[in-house]
Amino acid sequence: MTQPHPAPPAAGVHSFDDFTRLREVVVGRGDHYTEHDADISWRLFYFENVAPHLAAGQRQLSVPQQIVDELNEDVAAFADALAGCGVRVLRPCAAGKDVRVSSPWWSSGATPPLNVRDNAIILGETIVETAPHIRGRVFENDHLKPHFVRYFEQGANWLSMPRPALAAGSLDTAYFDRQGIDVTAAMAGEDALPIDGLGLEMVFDGAQCVRLGRDVLVNVANHNHELAYRWLTRNFPGLRLHRLPGIADNHVDSIVVPLRPGLILLRSPHYLQFLPEAMHGWEAIYPPPSTVAEQDYTEFGFVIPTASRYIDINVLSIDENTVVVNSLYPELIELLEQRGFTVVPVRHRHRRLFGGGHHCFTLDTVRDGGLEDYLSA
Ligand SMILES: NC(=[NH2+])NCCC[C@H](N)C(=O)O
């Protein structure tokens, strides 16, 4: 587990999958994450998790400082654990307090760079900045730019999907419409301006992809994503992209988590049918029920969950035999140990409150694996 760091790869960035030996990783930070700005873009993104809790028009949702401090304690321990496994850990610069971001069409509260999995994806030796759905996230990658510039200087390629304007009417509700879920109440109170003739834009998060060497699974749940899927196919002709047909509203890393070639952690058997044919022969393991009681937040008053109860599936692999798992999910630890994995337990107390688990908190920029063909073995 504590192998020495090898010479850096020629391009600086080299990351084709989620499970070969991890060498270098960006770990997000939650400094000043004391508020969610529940604008329309935020409400629609987190609709499944937040709709039952939110009153119409409710906009600034504060997170108690104690919870933010505990989050940052857990994130710091996570970064230390990765360093202890011989991984080079990079951090974004810290967000400022109460930062607002504006465009000609809207204004919103900025999201700190905690879930660095979401706004960028490493595809081989290319950094791809994706096209945020949430207005407050449009400048989030700026906190990682010192690393991106350095990687570029070392030879990495660096591309950005077109930055969406996120004007009124840019976002597609088709995923919900198909299920007969009415999101009009959540969408009421839009205060952004429209752009004449714009319509639906390319909008997509890195965490909608699952990287498997030559193959990348891409969750396409609406026309915003469809445009991004086309962008990916046009820019990465050397990769085989597989469409996951709207298996989730957006991110898939609490649903489909490859642990090594041939073995996948899957939220439930329901999702098997959506995987590419070649993965039907893979063994799937399913998350056991958790017996640890969820934290009771009543003493803090109103606290809103932005992640589902499945968020602890969101594990981070150090290599094909070593996985970081939330220590508050001993049942999953036991299951993985029975399967021969070495588990690195790391506590993540407030995993439901900040939209992400250990996988979401990271952007793995260097792993050993290459353009392997795991799907035709
Ligand atoms: N990269 C991420 N932020 N992933 C988090 C996915 C969380 C998922 N929406 C859930 O509720 O379980």
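Not measured: the values here are computed from a predicted model. Whatever order the structure lists ligands and atoms in, that order sets their numbers, starting from 1.
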> What pairs with Leu371 under side-chain contact (heavy atoms from CB on, under 4.5 Å), at least two apart in sequence or on another chain?
Replying inline: Phe16, Arg214, Leu239
Between ligand 1 and the protein, which N/O pairs fall short of 3.5 Å?
| residue | atom | partner | partner atom | Å |
| --- | --- | --- | --- | --- |
| ligand 1 | 1 (N) | Asp118 | OD1 | 2.7 |
| ligand 1 | 1 (N) | Asp253 | OD1 | 3.4 |
| ligand 1 | 1 (N) | Asp253 | OD2 | 3.1 |
| ligand 1 | 3 (N) | Asp118 | OD1 | 3.2 |
| ligand 1 | 3 (N) | Asp118 | OD2 | 3.3 |
| ligand 1 | 3 (N) | His251 | ND1 | 3.2 |
| ligand 1 | 3 (N) | Gly355 | O | 3.1 |
| ligand 1 | 4 (N) | His251 | ND1 | 3.3 |
| ligand 1 | 4 (N) | Asp253 | OD1 | 2.7 |
| ligand 1 | 11 (O) | Asn49 | ND2 | 3.2 |
| ligand 1 | 11 (O) | Ser308 | N | 2.8 |
| ligand 1 | 11 (O) | Ser308 | OG | 3.2 |
| ligand 1 | 12 (O) | Ser254 | OG | 2.8 |
| ligand 1 | 12 (O) | Ser308 | OG | 2.6 |

>> If I compare all heavy atoms of Val26 with all of Leu144, which pair ends up nearest, and what's the gap?
In response: CG1-CD2, 3.9 Å
> Considering residues at least two apart in sequence or located in another chain, which fulfil the salt bridge (Lys or Arg N to Asp or Glu O under 4.0 Å) criterion with Asp191?
Replying inline: Arg59
> Hey, does the Lys NZ or Arg CZ of Arg351 hover above the aromatic six-ring of Phe361, less than 6.0 Å from the centre and inside 45° of the axis?
Replying inline: no
> When the ring centroid of His53 is compared with that of Tyr46, is the distance short of 6.0 Å?
Replying inline: no
> Residues in side-chain hydrogen bond (donor to acceptor under 3.5 Å, both in side chains) with Asp249, at least two apart?
Replying inline: none
